[in-house]
> 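I am attaching a structure below and will ask some questions about it afterwards.
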Amino acid sequence: MKARVAEIQFAPKGDSRGQLIALEALSEQVPFDVRRVYYIFDTTPGTVRGKHAHKALKQLLICVSGACTIECEMPDGTKSKYCLDWPDRGLLIEGLVWRNMKEFSKDAVLLVLASEHYDEADYIRDYNQFKKECAK
Ligand code: T46
């Protein structure tokens with residue numbers, strides 16, 4: 001699978017009562033079947049999470065409250081940084097992408113939709129191993 005990182009804009013169903021965002025699996029916004037949902041919250045100030053890549057997992061990250069920063073490194077070494085600070089945007093990460101999550105605000109809740117059940121065998125947690133996989 002080709003590695004990919006893309007910012008996805010959602011269309012809020014807003015009216016005078018406020019906003020609502022509905023996401024459906026296998027849609028333009030969520031281009032995979034969702035098999036797992038998890039969320040990260042109450043993050044210790046200054047912490048950096050992630051520090052790994054996945055071999056095949058597809059994920060959509062949405063900061064549904066507060067803000068955080070996602071740093072990505074592609075197999076060709078290209079690095080990018082995304083600030084997720086509003087629930088109408090998501091970051092799609094597919095395949096071999098090294099990612100760090102940092103600068104979580106106190107109220108940050110990072111919701112993640114994932115294409116597969118949890119499988120530690122899909123993780124590459126060693127950066128040198130990631131670079132070796134990228135070179136293949
Ligand atoms: C990712 C980023 C964005 C489970 O048991 N089930 C799960 O579904 C997940 C996600 C984690 N865990 C266990 C594994 C560890 O013992 O929860 C613990 C913390 O997981 P981890 O250190 O991998 O968490 P993060 O925040 O560094 O990374 C997570 C996801 O694991 C990862 O897939 O891409 O969020």
Side-chain angles (χ1 to χ4, degrees):
M1 182 214 302
K2 198 175 176 334
R4 181 160 84 112
V5 176
E7 285 181 289
I8 310 277
Q9 186 69 47
F10 311 135
K13 314 264 181 200
D15 61 26
S16 59
R17 299 168 298 171
Q19 303 296 330
L20 182 154
I21 288 173
L23 298 175
E24 298 202 1
L26 296 172
S27 63
E28 205 176 307
Q29 289 78 21
V30 189
F32 53 83
D33 223 345
V34 178
R35 294 208 168 80
R36 178 166 53 107
V37 174
Y38 61 90
Y39 40 96
I40 293 165
F41 62 102
D42 197 21
T43 306
T44 308
T47 203
V48 180
R49 302 190 65 114
K51 298 192 245 181
H52 63 255
H54 281 282
K55 293 174 188 164
L57 191 67
K58 299 178 184 180
Q59 300 195 105
L60 183 63
L61 285 63
I62 307 159
C63 202
V64 291
S65 169
C68 67
T69 299
I70 316 291
E71 293 175 335
C72 296
E73 181 176 338
M74 305 303 287
D76 67 359
T78 307
K79 294 180 181 171
S80 51
K81 199 171 171 177
Y82 302 88
C83 174
L84 296 183
D85 61 0
W86 200 246
D88 73 346
R89 259 177 305 128
L91 189 68
L92 178 71
I93 306 181
E94 297 181 346
L96 197 62
V97 177
W98 190 264
R99 83 281 321 261
N100 294 332
M101 300 99 74
K102 60 200 280 196
E103 294 160 1
F104 289 88
S105 63
K106 201 171 161 37
D107 58 346
V109 180
L110 181 63
L111 176 74
V112 183
L113 311 184
S115 64
E116 304 297 337
H117 294 149
Y118 177 71
D119 178 9
E120 189 58 37
D122 189 66
Y123 284 74
I124 301 172
R125 294 191 183 270
D126 179 80
Y127 186 73
N128 293 328
Q129 184 61 35
F130 166 68
K131 294 305 273 182
K132 272 188 203 159
E133 290 294 325
C134 293
K136 279 182 187 170

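Just follow the structure's listing: the first ligand is 1, and inside any ligand the first atom is 1. Because the structure is a prediction, the values reported are computed rather than measured.
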> Considering only heavy atoms of Tyr123, which atoms of ligand 1 have at least one such atom less than 4.0 Å away?
10 (C), 23 (O), 30 (C), 31 (O), 32 (C), 33 (O)

> Among all protein heavy atoms, pick out the one at the shortest distance from atom 24 (O) of ligand 1; state its residue, atom name and that distance to 0.1 Å.
Arg49 NH2, 3.3 Å

> For atom 27 (O) of ligand 1, find the nearest protein heavy atom and state the residue, atom name and distance (0.1 Å precision).
Gly50 N, 2.8 Å

> Determine, considering heavy atoms only, which of His117, Arg36, Lys51, His54 sits nearest to atom 10 (C) of ligand 1.
Arg36

> Just heavy atoms, cut-off under 4.0 Å: does Ile93 contact ligand 1 by side chain, backbone, both, or neither?
neither

> Identify, for atom 22 (O) of ligand 1, the protein heavy atom at the shortest distance, and state residue, atom and that distance.
Arg125 NH1, 4.0 Å

> Return the residue, atom name and 0.1 Å-rounded distance of the protein heavy atom closest to atom 30 (C) of ligand 1.
Tyr38 OH, 3.1 Å

> If you round to the nearest 0.5 Å, how far is CG of Leu91 from CE of Met101?
11.0 Å

> Using protein heavy atoms only, decide if any is under 4.0 Å from atom 14 (C) of ligand 1.
yes

> With a 4.0 Å cut-off on heavy atoms, does His52 reach ligand 1?
yes

> Return a yes/no value: protein heavy atom under 4.0 Å from atom 35 (O) of ligand 1?
yes

> Do Glu133 and Lys55 sit within salt-bridge range, that is, some charged N less than 4.0 Å from a carboxylate O?
no

> For atom 12 (N) of ligand 1, which protein heavy atom lies nearest, and how many Å away is it?
Tyr118 CE1, 3.8 Å

> Number the atoms of ligand 1 from 1 as they appear, then name those within less than 4.0 Å of a heavy atom of Ile40, with their elements.
26 (O), 35 (O)

> If you take all heavy atoms of Thr69 and Glu103, which pair is closest and at what distance?
OG1-OE1, 2.6 Å

> How are the rings of Tyr127 and Phe130 set relative to one another: parallel (under 30°), tilted (30 to 60°) or perpendicular (over 60°)?
tilted

> Could you tell me if any non-hydrogen atom of Glu116 lies under 4.0 Å from any atom of ligand 1?
no

